[in-house]
2 protein chains.
Amino acid sequence: MGIYIRKTDKKIDCPMEKALHVITGKWKLAILCELNRGSCRLKDFEKHNPEASKRALTQQLKELVIDGIIEKEDFNVYPKKVIYSLTPKGQELIPVIEVLGKFGEKL
Amino acid sequence: MGIYIRKTDKKIDCPMEKALHVITGKWKLAILCELNRGSCRLKDFEKHNPEASKRALTQQLKELVIDGIIEKEDFNVYPKKVIYSLTPKGQELIPVIEVLGKFGEKL
DNA sequence: CAGGATCCAGTGCGATACTG
DNA sequence: CAGTATCGCACTGGATCCTG
């Protein structure tokens with residue numbers, strides 16, 4: 001296991017870098033905060049983040065799934081319905097980014 | 001005041017993003033960890049991070065100074081001697097990245 | 001509606017050479 | 001020794017189009 005830098009497939013050993021890597025992405029914090037309030041569908045993210053492109057959102061959702069932070073539930077219906085939610089590991093992430101927020105307030 | 005995204009000069013309002021932005025950079029965690037053990041000169045960073053280019057190191061040191069995380073002491077001698085150290089704000093950052101590390105260990 | 005494919009711009013950072 | 005300038009490449013993410 002372990003986290004890998006995407007594309008290059010180079011391994012990250014430092015735990016701090018692994019954690020940082022997982023939350024680094026233009027819309028990841030927004031995604032996590034929104035999921036912390038409740039499960040969401042892609043269109044919800046699009047609605048609440050009109051600045052974000054669909055490409056970036058799906059890309060980052062995919063990475064978060066790979067990293068075990070969130071999970072997908074695909075209802076296999078048509079039109080498509082897929083719901084995202086935090087995994088237990090993702091829920092452990094919330095207090096971590098809250099610590100970040102506390103520090104950020106002092107900047 | 002406040003943190004700005006470099007180059008674009010767009011303002012970041014979210015405190016979590018501000019904090020994240022400040023520690024995002026390929027060698028910033030390494031720099032901070034090293035400064036936490038004691039003040040350093042540029043050549044020390046180069047020695048302990050042989051993979052890092054001088055360009056990246058000086059660039060990121062500069063950003064950390066701008067963000068008030070570290071400070072320079074320039075001895076104005078020749079050959080040059082400049083020592084970097086954590087500011088009080090930088091010291092507050094240490095426990096924050098330790099929380100990140102704790103989380104990263106579980107990945 | 002979810003999300004892949006393609007094209008393109010911005011930017012981070014490595015390598016190297018240079019200056020005071 | 002600290003720091004800058006230039007070149008070049010790789011990656012992120014925006015815009016748009018396409019499909020089941």
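Order of the sequence lines sets the chain letters (A, B, ...), proteins ahead of strands, with each chain counted from 1.
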Please tabulate, for the side chains in residues 71-88 of chain A, all donor-acceptor contacts under 3.5 angstrom to protein atoms that are two or more places apart in sequence or on a different chain.
from	atom 1	to	atom 2	distance (Å)
A:Asp74	OD1	A:Asn76	N	2.8
A:Asp74	OD2	A:Lys80	NZ	3.4
A:Thr87	OG1	A:Gly68	O	2.6
A:Thr87	OG1	A:Ile69	O	3.0
A:Thr87	OG1	A:Lys89	N	3.4
A:Thr87	OG1	A:Gly90	N	3.1

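- Across all their heavy atoms, A:Lys54 and A:Leu42 have their closest contact at CG-CD2, 4.4 Å.
- With sequence neighbours excluded, the residues satisfying side chain to side chain contact (heavy atoms under 4.5 Å, CB included) with B:Ala52 are B:Trp27, B:Asn49, B:Leu57.
- In this structure, the side chain to side chain contact (heavy atoms under 4.5 Å, CB included) partners of A:Glu17, at least two apart in sequence or on a different chain, are A:Ile12, A:Cys14, B:Leu29.
- Here the side chain of B:Val82 is nearest to one of C:dG14, D:dC1, D:dG3, namely D:dG3.
- In this view, A:Lys62 satisfies the salt bridge (charged side-chain N to carboxylate O under 4.0 Å, His left out) rule with no residue, not counting sequence neighbours.
- Neither OP1 nor OP2 of D:dC1 sits under 4.0 Å from any side-chain N or O of B:Tyr84.
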Can you give the donor-acceptor pairs under 3.5 Å from side chains of residues 91-107 of chain B to other protein atoms, not counting sequence neighbours?
from	atom 1	to	atom 2	distance (Å)
B:Glu92	OE1	A:Lys106	NZ	2.6
B:Lys106	NZ	A:Glu92	OE1	2.6

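- The nearest whole Å value for the distance from the CH2 atom in B:Trp27 to the C1' atom in C:dG12 is 13 Å.
- The CD-P distance, from A:Glu63 to D:dT12, rounds to 7 Å in whole Å.
- When the nucleotides D:dG13, D:dG14, C:dC13 are ranked by their closest atom to the side chain of B:Gln60, C:dC13 comes out on top.
- Across the protein-nucleic acid pair, B:Leu61 atom CG and C:dC13 atom P stand 12 Å apart, rounded to whole Å.
- Rounded to whole Å, atom P of D:dC1 lies 15 Å from atom CG of B:Leu57.
- Taken residue by residue, residues 43-51 of chain A places heavy atoms nearer than 4.0 Å to DNA chain C at A:Lys43.
- The shortest heavy-atom contact between A:Lys28 and A:Glu63 is NZ-OE1, 2.8 Å.
- One can place CD1 of A:Ile31 at 15 Å from P of D:dT12, the figure rounded to the nearest angstrom.
- Between A:Thr24 and A:Leu20, the shortest heavy-atom contact is OG1-O, 2.6 Å.
- When rounded to the nearest whole Å, the span between NZ of B:Lys28 and C1' of C:dC13 equals 13 Å.
- A:Ile83 places its CD1 atom 14 Å from the P atom of C:dC1, with the value rounded to the nearest Å.
- Residues meeting the side chain to side chain contact (heavy atoms under 4.5 Å, CB included) test with A:Lys43, sequence neighbours left out: A:Arg41, A:Glu46.
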Between the protein and nucleotides 16-20 of chain D, which nitrogen or oxygen pairs are less than 3.5 angstrom apart?
none

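- Atoms NE2 and CG, on A:His21 and A:Asp67 in that order, are 7.5 Å from each other to the nearest 0.5 Å.
- Within a heavy-atom distance below 4.0 Å of DNA chain D, no residue of residues 68-76 of chain A is found.
- In this structure, the side chains of B:Cys33 and A:Met16 come closer than 4.5 Å at one or more pairs of heavy atoms.
- One can place NZ of B:Lys81 at 19 Å from C1' of C:dG20, the figure rounded to the nearest angstrom.
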Inset, instruction - With side chain to side chain contact (heavy atoms under 4.5 Å, CB included) as the test, would you mind laying out the steps for A:Ile31 and A:Leu35 before giving the verdict? - result: CA-CA 6 Å; A:Ile31 290 170; A:Leu35 286 183; 4.1 Å; yes
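- Comparing the end axes of the helix from C:dC1-D:dG20 to C:dG20-D:dC1, each fitted to five base pairs by superposing C1' atoms of four pairs onto the next four, gives an inter-axis angle of 40° (nearest 10 degrees).
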